[in-house]
Enquirer: 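Let me begin by handing over the structure; questions about it come next.
Atoms within each ligand, like the ligands themselves, are counted from 1 in listed order. The basis for the numbers below is simple: all heavy atoms, side chains too, and nothing from hydrogens, waters or symmetry mates. The structure displayed is predicted, hence computed values, not measured ones.
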Amino acid sequence: MSEEKEKSVSAQLKEKLFRNKKNGCLRIDESEMEKADEFCVEYMNFLDNAKIEREAVDYAVTAAENAGFTAFDPAKTYSAGDKIYVNNRNKAIMLAVIGKNGTHNGVRLGIAHIDSPRLDLKPVPMYEANNLAMFKTHYYGGIKKYQWPTIPLALHGVIALKDGTSVTVSLGDNDSDPCFCVTDLLPHLAVEQMSQVMTKAFNGEHLNVLIGSRPFNKDEESEGVKLNIMNILFERYGITEDDFLSADLAMVPAFKARELGFDRSMIGAYGHDDKVCAYPALMAAIDTDVPESTVITVLTDREEIGSDGNTGMKSTYMFDFIADLAAAEGEEVRHVMAKSTCLSADVNAAFDPTYSSAFEANNSCYINCGAVITKYTGSGGKYSTSDASAEYMASVRKILDDANVLWQTGELGKVDGGGGGTIAKFVANLNADVVDLGVPVLSMHAPMEVVSKLDVYMTYRALYEFYNA
Ligand code: MN
Ligand code: MN
């Protein structure tokens, strides 16, 4: 007889019949935890170098090429194990690993988005008011506006010039760079502001960014401060005020990704949603050798504003790529789509004990319990969402359980508490099977979001096992 106390009948029966709700940290061994910590070192570096979608695409192209991916050429024929990529306007990217059966039995899709909420510059951004130079911004994606004043901001993006060249901008992240900020009213004078509802106290036209205060040449000419800043920009980037019209420029939080907690178990950073799924998807694509069916990883743009536009998932760019691959193999794309399966890799809201009333505890996802499968998102009576079928859910569960991937399930908050969506429904509308799988996030869409290292790693493992099942 062993020293270990035998489990009671009810304990054994519970283990057999009940869902395992245990903290994931108690369900894995130490070596798995070490792998998770290791995986997140480069993830944090990715975050610091991919604050906007263009930078994420640059990173992905470099990583893919280093791993043997080559730019897709529709005139070429590809065979099992070949690795190709398509760069869509430097704002979205698709990576394919050709499978033994090609597209014949459908393709395996992993799709994450690489855009995050931020403050875009308006087309005529610069102005001077009371001897201060400012940028007008137009927020992108769902933000709580009060979170953006008085944090350091960095300017990221690209300015396209009429001569066909373009200038890449990344200023504010390094310690030696200047940074920028949105100002806020001092509490002493904020009696009226603080009595207003949040949406009134901070509105979109309050999100003006402070960018300078010294006039040009000590000149008394009007708009001397604006002139001085424009002159600095001309000297640095060769641009004039009109060039802002052909620019994609955004203000993003200037701080770097940081380990969070005394135990360093979490990561606090800007843009986890959805780079925290994009990076694992990219790594799963790179680590996939010769899959059964062709595997396609899509890092898409425009998700935060509804996926409209030619680099978003409402565009035909992914469908057209699959059509090209199918045609080269003599397959009809509609037959390929009908047999295709997809993990829409996106985040879900982790249960937050401070705001517990927004959640329904039994159906929420939790930090450190693994990748979260979200059967449906949407709002109200399951509006605006694709609801993954029972059969497809079963097949995904089997893949993850067979490979010992830690996973959990979660709804997005309590019923009628609000809601949201992902790209899942756009893929489902193409007649593929799709479900959301990703990382639980605290403070989603805030300038600093929080995830657990273990959940990031398990999302990588989930995608890898899905690709290679
Ligand atoms: Mn997202
Ligand atoms: Mn989002």
Enquirer: Just grab all the side-chain hydrogen bond (donor to acceptor under 3.5 Å, both in side chains) pairs involving residues 279-289, residues at least two apart or on different chains.
Expert: D287-Y460, T288-N468
Enquirer: Can you classify the ring geometry of Y146 versus F202 as parallel (below 30°), tilted (30 to 60°) or perpendicular (above 60°)?
Expert: tilted
Enquirer: Which single N/O/S atom of D346 lies at minimum distance from the Mn ion (ligand 1)?
Expert: OD1
Enquirer: Would you say E303 reaches the Mn ion (ligand 1) with an N/O/S atom under 2.8 Å?
Expert: no
Enquirer: Hey, is the Mn ion (ligand 1) within less than 2.8 Å of some N/O/S atom on E304?
Expert: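 Here the distance criterion (N, O or S atom, under 2.8 Å) is not met by E304, so no.
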Enquirer: Is it true that E303 and K314 make a salt bridge, defined as a side-chain N closer than 4.0 Å to a carboxylate O?
Expert: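 A salt bridge is absent here (no side-chain N lies under 4.0 Å from a carboxylate O).
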Enquirer: Hey, what's the ring geometry for W148 with Y270, parallel, tilted or perpendicular (30° and 60° as the breaks)?
Expert: perpendicular
Enquirer: Give a yes/no answer: is there an N/O/S atom of C277 under 2.8 Å from the Mn ion (ligand 1)?
Expert: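 Not a single backbone or side-chain N, O or S atom of C277 is under 2.8 Å from the Mn ion (ligand 1).
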Enquirer: Passes side chain to side chain contact (heavy atoms under 4.5 Å, CB included), N45 versus K256? Steps please.
Expert: CA-CA 9 Å; N45 181 48; K256 289 186 190 316; over 6 Å; no
Enquirer: Could you grab the angle centred on the Mn ion (ligand 2), going from NE2 in H445 to OD2 in D273, to 10°?
Expert: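 My answer is 90°, to the nearest 10°.
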